[in-house]
2 protein chains.
Amino acid sequence: MGGKVGDRRAQLVDAAVDYVAAYGIGDLSLRGLGAAIGVSHRMLIHYFGSKEQLLVEIVRTSEQRQRDLLSRLRREPGVSPIDAARLLWRQLTDPQLANQERLFFEIYGQALRGRPEAVPVLDNLVTDWLEPLVAAEVAAGADPATARNRARLGLATVRGLLLDLLATGDRDGVDAAMEEFLRLYYGSE
Amino acid sequence: MGGKVGDRRAQLVDAAVDYVAAYGIGDLSLRGLGAAIGVSHRMLIHYFGSKEQLLVEIVRTSEQRQRDLLSRLRREPGVSPIDAARLLWRQLTDPQLANQERLFFEIYGQALRGRPEAVPVLDNLVTDWLEPLVAAEVAAGADPATARNRARLGLATVRGLLLDLLATGDRDGVDAAMEEFLRLYYGSE
DNA sequence: TCGCGAGTGTACCAATTGGTACACGGTGGA
DNA sequence: TCCACCGTGTACCAATTGGTACACTCGCGA
């Protein structure tokens with residue numbers, strides 16, 4: 001039962017992502033991680049070949065978790081753009097996901113620096129999220145060109161306010177700014 | 001002439017910030033930095049006491065450079081909010097400052113992780129920039145409460161689009177989204 | 001029963017790190 | 001002139017890092 005190698009690997013990488021979300025990916029060491037998740041650094045090398053490959057898997061899995069959030073967005077069929085925006089906002093700012101969001105920004109920063117395991121995330125960082133937002137805009141009647149602009153703007157605003165929230169912790173202030181945005185975005189038409 | 005200790009220190013820290021803006025602060029080593037700016041790692045310790053103190057000065061100086069951008073904003077007396085926004089946007093997205101902006105996000109990421117030399121930036125990350133934006137809003141006739149919300153929103157949007165720009169490099173697409181924002185922000189009243 | 005291979009631990013290695021000890025040189029003041 | 005001191009280089013140290021070698025155990029198939 002479940003003794004397969006892949007299972008063990010998957011279990012390790014999952015624990016590793018949790019650890020990294022909590023303690024950061026920057027100064028991760030195999031020994032520290034191993035001690036935290038109950039395995040020797042020797043085993044991490046054994047299962048993943050090298051630290052770099054382990055990091056690749058960590059980044060990929062962390063990305064996958066973000067994508068799971070996204071899929072919840074995408075799966076709502078007839079959701080209006082404003083509801084999509086609110087939903088996105090509420091999900092991203094769930095305190096339980098704070099660590100995951102911090103990790104997002106940390107990986108982003110390292111990707112900008114060219115850290116090889118992190119760089120690939122830059123490709124999908126914007127486009128992946130744009131797609132469902134554009135779809136919601138178009139469904140709501142915007143023409144495709146402005147739909148793209150509006151979606152891009154909405155995504156950027158959400159992320160900028162998330163950055164604010166993580167820095168200041170001022171949930172009320174940031175929520176108020178978000179409401180102001182929604183008013184501008186949907187209220188004036 | 002000019003042989004004062006402080007001068008040498010200041011010169012070193014300035015070169016260090018340039019180096020860090022180009023190569024990142026994450027895996028900085030005294031030897032690597034020293035070799036790049038023409039000084040032995042021994043001297044960096046001599047002038048700064050420890051790597052940590054050097055990093056503190058690097059972060060502080062990098063913050064100061066951001067603040068210089070800010071002061072140019074603040075010094076415009078009767079600038080309308082929309083012009084302030086455009087000015088801010090154009091300055092932040094100047095390709096010559098790309099490295100500096102990357103460093104901003106990198107330091108932010110590390111600050112979220114609790115890296116001691118970076119954490120202090122979180123305090124002023126939002127509030128410092130809010131002040132002149134709020135002032136511009138109030139001067140343009142907004143009541144103080146919504147002025148604060150609008151300023152916070154504008155700052156977040158600018159940063160979110162900057163994140164997009166650094167990730168995708170799609171200047172045209174991001175500029176278009178910015179224009180869409182300005183239309184919403186100022187056009188509908 | 002035997003043996004083989006996967007999973008694991010211990011010990012080790014080379015490289016890199018921040019930091020220190022000490023020695024040398026030059027410049028300015030007594 | 002000579003002495004003190006600042007700036008600098010070289011050599012070194014201890015700690016930590018990723019990665020490897022080898023030995024051991026345990027379960028399963030022949």
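This structure is a prediction, so every number in the text was calculated from the model and none was measured. We use all heavy atoms of the structure for the numbers below, so side chains are in, but hydrogens, waters and symmetry mates are not. Residue numbering restarts at 1 for every chain, and letters A, B, ... go by the order of the sequence lines.
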N or O in side chain of Tyr47(A) less than 4.0 angstrom from dT8(C) OP1/OP2: yes
Below 4.0 Å: OP1/OP2 of dC6(D) and any side-chain N or O of Arg8(B): no
Rounded interatomic separation in angstrom, taking [atom1] from [X] and [atom2] from [N]:
| X | N | atom1 | atom2 | value |
| --- | --- | --- | --- | --- |
| Leu33(B) | dT16(C) | CG | C1' | 16 Å |
| Leu44(A) | dT20(D) | CG | P | 14 Å |
| Phe48(A) | dG18(D) | CZ | C1' | 15 Å |
| Lys51(A) | dT16(C) | NZ | P | 15 Å |
| Gln53(A) | dG19(D) | CD | C1' | 13 Å |
| Ile45(B) | dG18(C) | CD1 | C1' | 6 Å |
| Leu12(B) | dG7(D) | CG | C1' | 12 Å |

Leu130(A) side, atom CG; Arg150(A) side, atom CZ - distance, nearest 0.5 Å: 13.0 Å
DNA chain D-proximal residues of residues 13-26 of chain A, any heavy atom under 4.0 Å: none
Touch class at under 4.0 angstrom, heavy-atom based, for Leu28(B) against every strand present: sugar-phosphate
Main-chain N/O of Leu153(B) paired to Thr157(B) side chain as donor or acceptor, under 3.5 Å: yes
Short side-chain to backbone donor-acceptor contact, Arg171(B) and Thr93(B), under 3.5 Å: yes
Apply salt bridge (Lys or Arg N to Asp or Glu O under 4.0 Å) to [X] and list each qualifying residue two or more places apart in sequence or on a separate chain.
| X | value |
| --- | --- |
| Arg86(B) | Glu179(B) |
| Arg67(B) | Glu63(B), Asp128(B) |
| Asp14(B) | Arg65(B) |
| Asp175(A) | none |

Residues, nucleotides or ligands: over 12 heavy atoms within 6.0 Å of Arg113(A) CZ: yes
Closest nucleotide among dG7(D), dT8(C), dG19(D) to the His46(B) side chain: dG7(D)
What N/O pairs connect the protein and nucleotides 9-12 of chain C at under 3.5 Å? Give each pair on its own line.
{"residue": "dG9(C)", "atom": "OP2", "partner": "Ser40(A)", "partner atom": "OG", "Å": "3.4"}
{"residue": "dG9(C)", "atom": "O6", "partner": "Arg42(A)", "partner atom": "NE", "Å": "2.9"}
{"residue": "dG9(C)", "atom": "O6", "partner": "Arg42(A)", "partner atom": "NH2", "Å": "3.1"}

Ring geometry between Tyr19(A) and Tyr23(A) (parallel below 30°, tilted from 30 to 60°, perpendicular above 60°): tilted
